[in-house]
Each structure stands twice: as C-alpha cells, then as structure tokens.
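Start at 1 and go down the list; that is how both ligands and their atoms are numbered. The basis for the numbers below is simple: all heavy atoms, side chains too, and nothing from hydrogens, waters or symmetry mates.
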Amino acid sequence: MLTDYHLHLRPDEPDTPPERFFTDENVDRYRAMAEEAGIIELGASEHVYRFTQSLDLWRHPFWEEQARDDLDEYCEFMRTTSLRLGVECDFVAGSEDRTANLLDGRDFDYVVGSVHFIRGGAVDHEGWDVWDGEGDPDAVWRRYFETVAEAARCGLFDVLAHPDLVKVWGRGRPRPARDPRFYYEPAVEAIAESGIAVEVSTAGLRKPVGEIYPDRAFADMCVDAGAAFTLSSDAHVPEQVGYGYERALEFLDRLGIRQICAFEARRRRLVPVGEDAGG
Ligand SMILES: [Zn+2]
Ligand SMILES: [Zn+2]
C-alpha cells in the first residue's frame with residue numbers, strides 16, 4: 001500500500017478561502033492524482049494555525065494573521081469526503097494541555113505533529129526567519145532537534161512531520177560545525193521512547209535543500225531505534241500528491257523499511273509498503 005497523509009487542500013497563501021478549496025471538486029482532483037500514482041490511502045492535515053481555535057495555543061503574530069477558519073467546519077467537511085481526517089499541529093511548549101483539549105475534542109484519524117518555530121523564529125518561513133540575527137548554526141540545530149524531541153515526547157501526536165525541517169534552505173543557511181548526528185541523538189531517543197511514527201516526506205525535494213526529510217543518517221538512527229514510518233508528500237496543490245514517490249520508495253528500500261503506518265481513529269496499523277494493484 002501507498003499512503004499520502006500529509007496533504008493540504010489549499011496553498012499556504014492567506015488569500016485561499018476555505019469555500020474555494022474545501023470542495024468535492026478539489027478533493028476529486030487530489031484523488032485523481034493519487035490514483036495515477038497508485039496511492040489509495042489519502043488524508044488531509046491542514047495547518048492548525050489556519051483555524052481560529054489555534055489562538056488558544058499561541059498568539060504568534062503569524063498565527064494571528066493566518067487564523068481565519070473554523071476547525072469544526074473543516075472536520076465536518078472532511079467527514080463528507082473519502083479522505084482520512086488529519087491535522088498538522090505545531091508543538092507549542094507550555095500549551096500541551098490546551099493542545100490536548102483542541103485535539104481530543106475532535107475525531108481525527110491521526111495528528112501530524114510539527115516543529116516550524118523555535119521560540120519566535122520559523123525554520124522554514126522567511127517572514128519570521130529564525131536565522132535573522134542568529135549567528136550560531138550549532139545553536140539553531142541543537143534547539144531545533146531538542147524541540148523535536150519535546151514534540152515526540154509530549155504524547156499529543158501520532159506522526160512526527162518532516163523531522164529535520166531545519167535543513168530546508170540547504171546552502172542558503174549556515175550548516176553546523178558538528179556532525180549533525182550529535183543533534184539528531186536527543187530527537188531519536190525521544191522517538192524511540194514515545195513510539196511516535198516518523199514521517200518520510202518528499203516535500204524537501206521541492207525545497208532549496210532538494211532532499212527527502214529526514215536525512216539518511218537520521219533515518220538510519222530511527223531504524224536502529226525500532227521506529228515506525230509514514231510516507232507523505234506534504235502536497236499543497238493536487239499536482240504535488242505523491243510527488244517524488246519513486247525516490248521515497250528507493251529510500252525506504254535502502255533503509256530496509258518494508259512496512260509503513262496507516263491510521264484510522266488514531267489507531268495505527270502497519271501495512272506492507274508498495275504500489276497498490278490496479279493503481
Ligand atoms: Zn509542516
Ligand atoms: Zn504540511
């Protein structure tokens with residue numbers, strides 16, 4: 001089986017009203033692209049910060065600007081489709097209880113946990129760039145993976161999204177002096193202890209770094225730690241569904257990963273990875 005669980009039904013631009021994108025026609029476009037790629041199991045996981053309810057978790061100016069929609073309307077719409085219901089929820093340190101309330105009150109099939117921000121700065125957003133005024137790449141990488149470890153350990157999420165997103169800019173930002181495995185260590189330890197699934201995401205292939213998330217060394221450490229994996233494209237338009245999956249399948253194969261996770265009602269099962277017959 002092939003899955004694509006980390007999907008956004010609309011682009012990140014603010015001017016993308018839900019009534020234009022949360023439609024049966026748009027879902028059909030995602031389905032059609034998925035079928036071409038042999039992907040049967042699909043789910044959407046919109047950013048939590050697009051919903052007004054997220055302002056209970058954090059009042060970062062970027063969230064204030066983005067939080068326009070109603071989370072329950074999104075959930076309701078999704079239940080009229082054939083897609084699994086997910087959400088991409090940022091880890092916000094200190095807001096774990098409020099995050100639990102937001103998630104537990106709704107019938108998600110799975111929750112994708114993300115770290116996009118460390119303190120007030122974003123690792124993947126130029127408007128709030130964590131690298132502005134930060135001279136020490138080792139400090140950024142250390143803080144990033146420590147936060148990923150906290151996200152894994154908080155127990156709120158089923159999947160850890162794009163686990164080494166901090167590399168997104170590739171050569172566009174400084175690299176740490178130390179071997180990155182030193183920074184991966186606490187995150188992988190938290191993954192092992194929590195049992196959270198690790199996302200293999202082809203989104204990085206579309207970004208300046210031009211690589212799958214996570215890096216091979218990070219993935220090797222996860223395999224050694226006995227982690228389970230998911231497979232996703234983080235598509236923001238239908239054309240990106242299943243993007244780069246040939247590369248991802250090679251990547252999984254080289255790692256010796258033969259099974260990936262499927263989700264329903266926040267229960268996970270392992271399924272053999274591979275193209276579905278007739279796809
Ligand atoms: Zn993300
Ligand atoms: Zn995403």
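No side-chain N or O of Q240 forms a donor-acceptor pair with one of D234 less than 3.5 Å apart. No donor-acceptor contact under 3.5 angstrom links the side chains of E199 and H162, judged on distance only. Of the N and O atoms on the side chains of R50 and T16, at least one donor lies less than 3.5 Å from an acceptor on the other residue.
Scanning for ring-ring contact (aromatic ring centres under 6.0 Å, His included) contacts around F263 gives Y5, Y110, with sequence neighbours left out. With sequence neighbours excluded, no residue forms a ring-ring contact (aromatic ring centres under 6.0 Å, His included) with F157. For T80, there are no side-chain hydrogen bond (donor to acceptor under 3.5 Å, both in side chains) partners, not counting sequence neighbours.
Protein contacts to the Zn ion (ligand 2) involving N, O or S atoms at a distance below 2.8 Å are H6 NE2, H8 NE2, E88 OE1, D234 OD1.
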